[in-house]
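In what follows, a structure is listed as structure tokens, so that the remarks can point back to it.
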Amino acid sequence: MAEKLKLEVSDEIAIKIQSMNKWFGSFHVLRDIDLTVNRGERIVVCGPSGSGKSTLIRCINALEEHQSGQIIVDGTELTSDIKNIDRIRSEVGMCFQHFNLFPHLSILENCTLAPIWVRKIPKKEAEETAMHFLEKVKIPEQADKYPGQLSGGQQQRVAIARSLCMRPRIMLFDEPTSALDPEMIKEVLDTMIELAEDGMTMICVTHEMGFARQVANRVIFMDDGQIVEQNEPEQFFNNPQSDRTKLFLSQILGH
Amino acid sequence: MSENNSFVRKEMISERIPPAADRGLVKWVRENLFSSAFNTIMTFISLWVIYSIIVAVTPWFLNGVWDAKTVRECYDLLDGKSGACFAVLKERFPQLIYGFKYPSSEYWRPNLATVLLIVALAPILFRRLPRQLLIFTAVYPFLAFWLIWGGSILTSVSAFLGCAIAVICYRRFSSRSFAIAVLISLIAANVWWIIGGYIVDLNASFLSLKVVASRDMGGFMLNLLLGTIAVCLSIPLGIALALGRQSGMPIIKWICVVFIEFIRGVPLITLLFVANVILAFFFPPDTSIDLILRVLIMMTFFNAAYIAEVVRGGLAALSKGQYEAADSIGLDYTQSMRFIILPQALKISIPGIVNVSVGMLKDTTLVSIISMFDLVGMIRGPILSSTDWNGVYWELFGAAAAIFFVVCFSISKYSQWLERQLETGKR
């Protein structure tokens with residue numbers, strides 16, 4: 001196993017969630033969530049399917065609306081005010097399980113669209129930024145191709161670059177490697193590790209426990225819409241406290 | 001490994017051509033015409049049917065009479081042989097194309113307008129052409145109005161300037177608020193149109209073409225006019241309706257739903273009768289809204305309702321992830337629709353939109369029923385009922401069918417080409 005990253009975590013608060021609840025119809029998906037994320041933290045969220053982990057991070061950039069409680073991102077509270085939501089979305093990058101690249105735009109256009117129209121950056125400058133981040137994710141040579149011509153791993157790296165082009169202060173990852181063939185998982189994880197080394201605040205929903213051990217400074221285990229256990233990775237994996245956590249770990253690490 | 005299972009190739013096999021029966025034309029004929037006993041029989045029956053049709057129809061075409069003054073002269077010339085009387089097409093050609101009241105000295109005007117229409121559509125249809133041509137596209141509707149209806153060019157210039165002022169005002173104020181920008185641009189345009197109206201009245205003879213009234217329009221020109229304008233106006237209206245139907249705002253949503261469902265639930269011919277007779281009741285007594293304008297409004301609404309449903313299908317075909325990705329990188333509603341959702345949804349909708357629009361173009365012939373003399377109206381009315389050409393059905397309707405086929409087939413070929421152009425790799 002690769003060596004554990006040693007990274008500074010600042011005292012500044014990036015995300016603060018207080019007694020947040022969410023329902024889908026009458027189904028209580030998220031129950032009394034309290035979570036504070038400091039700038040520079042790398043948090044891995046895991047748990048069985050249906051436990052609400054994806055919904056949690058989708059609430060942070062308002063892809064899902066929460067019904068009670070508070071979410072404060074970068075000092076701005078998420079309300080139904082469209083202006084606040086747009087502001088927070090441009091500060092928070094997100095990567096999806098199925099990449100969600102725009103298939104009708106070239107890789108370069110995928111990366112420059114939002115900087116040009118949301119940040120109002122001149123086209124030439126936006127293209128330079130995009131090429132910089134495409135080089136960072138190691139696919140500058142694909143810039144003129146279309147998403148359909150790339151492999152899954154390459155598409156996910158483009159998706160990361162697309163988010164980075166908005167210069168976000170926080171990155172959310174929603175199972176970024178779950179839809180990938182095994183040989184492509186590593187290239188995406190390597191990109192994410194590099195991002196962590198640069199000091200990005202990250203929340204990742206993932207089942208890559210190796211990644212969690214190596215990168216995360218905190219692992220959160222969710223079940224039935226609530227946070228059941230959170231701890232440093234070493235403690236979490238070697239000495240889980242709750243029975244649900246023990247069961248979950250034995251299931252995913254058992255084979 | 002045992003002795004007989006082991007094998008090592010000494011020499012590599014070079015490429016060879018497939019056997020004669022599996023190559024080129026022979027292969028095609030074998031696979032497509034004679035692949036089984038049943039297919040062989042069907043092939044021979046089809047050949048026999050095609051042969052009989054050709055034998056029956058060819059003399060009719062070849063013996064066709066092109067020079068005659070009346071249908072009786074035709075029959076005299078044919079002298080009992082089977083043959084077509086194409087002379088009617090030649091003699092009545094201007095009527096078929098321009099109607100029977102459009103002054104013949106002014107035929108150059110619709111001709112020029114048609115040629116310019118092609119120039120104006122070119123930059124929209126072909127993305128590779130220089131974008132500056134779009135300036136001409138913006139001017140074209142006003143130019144075409146002046147050419148076809150005549151009158152002073154100032155009317156068109158004034159109308160164009162009003163629209164230009166509206167656009168400039170919108171650009172100027174759109175950064176503040178959408179509603180205020182729309183309101184200001186509407187007021188500015190209307191103020192200009194009132195001022196412009198006086199100026200036009202004072203100089204009514206400036207660069208004036210002979211005025212042709214709407215009731216004098218006819219022939220295929222009328223079909224093309226109605227079809228082009230109705231299709232061009234109904235595509236943006238249809239997209240707006242489709243988006244409105246998806247809107248989260250209940251009032252907008254219900255207005256769109258009621259509009260679409262009402263228009264789709266009523267036959268076009270009913271709407272045309274409404275346009276012809278009833279719509280006039282809704283306007284102030286002294287105003288006489290042009291019949292063509294009334295028909296155009298109905299056709300645009302009708303086509304827009306169908307296009308809205310086609311576009312809604314396209315929107316529904318996109319994955320939710322596309323909307324979420326657009327949201328997550330911070331695009332607002334207008335931006336995500338303009339750059340992400342609509343380009344993809346419209347691409348999926350192209351076959352449906354073209355299907356509906358080609359249907360609309362053909363449905364323009366329905367105006368013959370409310371006594372407008374379009375191509376079919378001309379044939380059914382003035383031409384067939386004249387004593388000179390009584391009973392020349394096949395030639396006239398055949399020609400009408402051929403004209404429509406050429407236009408509609410070109411449109412569908414273009415749309416197939418466009419679909420291939422927009423292909424950026426399947427996922």
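Letters A, B, ... are given to chains in the order of the sequence lines, protein chains preceding strands, and every chain is numbered from 1.
Annotation: side chain of Met192(A) is in contact with side chain of Leu189(A) (closest heavy-atom distance under 4.5 Å). The side-chain heavy atoms of Gln70(A) and Lys16(A), taken from C-beta on, include no pair separated by under 4.5 Å.
Every salt bridge (charged side-chain N to carboxylate O under 4.0 Å, His left out) that Lys186(A) has, sequence neighbours left out, goes to Asp190(A).
Defined by atom type and a distance below 3.5 Å, a donor-acceptor pair is missing between the side-chain atoms of Gln344(B) and Lys347(B). Side-chain N/O atoms of Thr76(A) and Arg87(A) include a donor and acceptor closer than 3.5 Å. Checking Asn21(A) against His28(A) by side-chain atom types alone, a donor-acceptor pair falls below 3.5 Å.
Cation-pi check for Arg245(B) over Trp254(B) is not met; the charged atom does not lie both under 6.0 angstrom from the ring centroid and within 45 degrees of its normal.
For Phe102(A), the parts sitting under 4.5 Å from any heavy atom of chain B are the backbone and the side chain alike. With a 4.5 angstrom heavy-atom cutoff, Glu324(B) touches chain A via backbone and side-chain atoms both.
Here ring-ring contact (aromatic ring centres under 6.0 Å, His included) pairs that include residues 300-328 of chain B, with residues two or more places apart or in two chains, are Phe259(B)-Phe301(B), Phe302(B)-Tyr306(B).
The six-membered or imidazole ring of Phe160(B) lies away from that of Tyr140(B), with a centre-to-centre distance of 6.0 Å or more.
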So Asp327(B) and Lys320(B), salt bridge (charged side-chain N to carboxylate O under 4.0 Å, His left out) or not? Walk me through it. CA-CA 11 Å; Asp327(B) 283 345; Lys320(B) 202 164 155 255; over 6 Å; no
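Chain B is approached within less than 4.5 Å, heavy atom to heavy atom, by Arg58(A) from residues 43-58 of chain A, ordered by number. At a heavy-atom cut-off of under 4.5 Å, chain B is reached by no residue from residues 168-185 of chain A.
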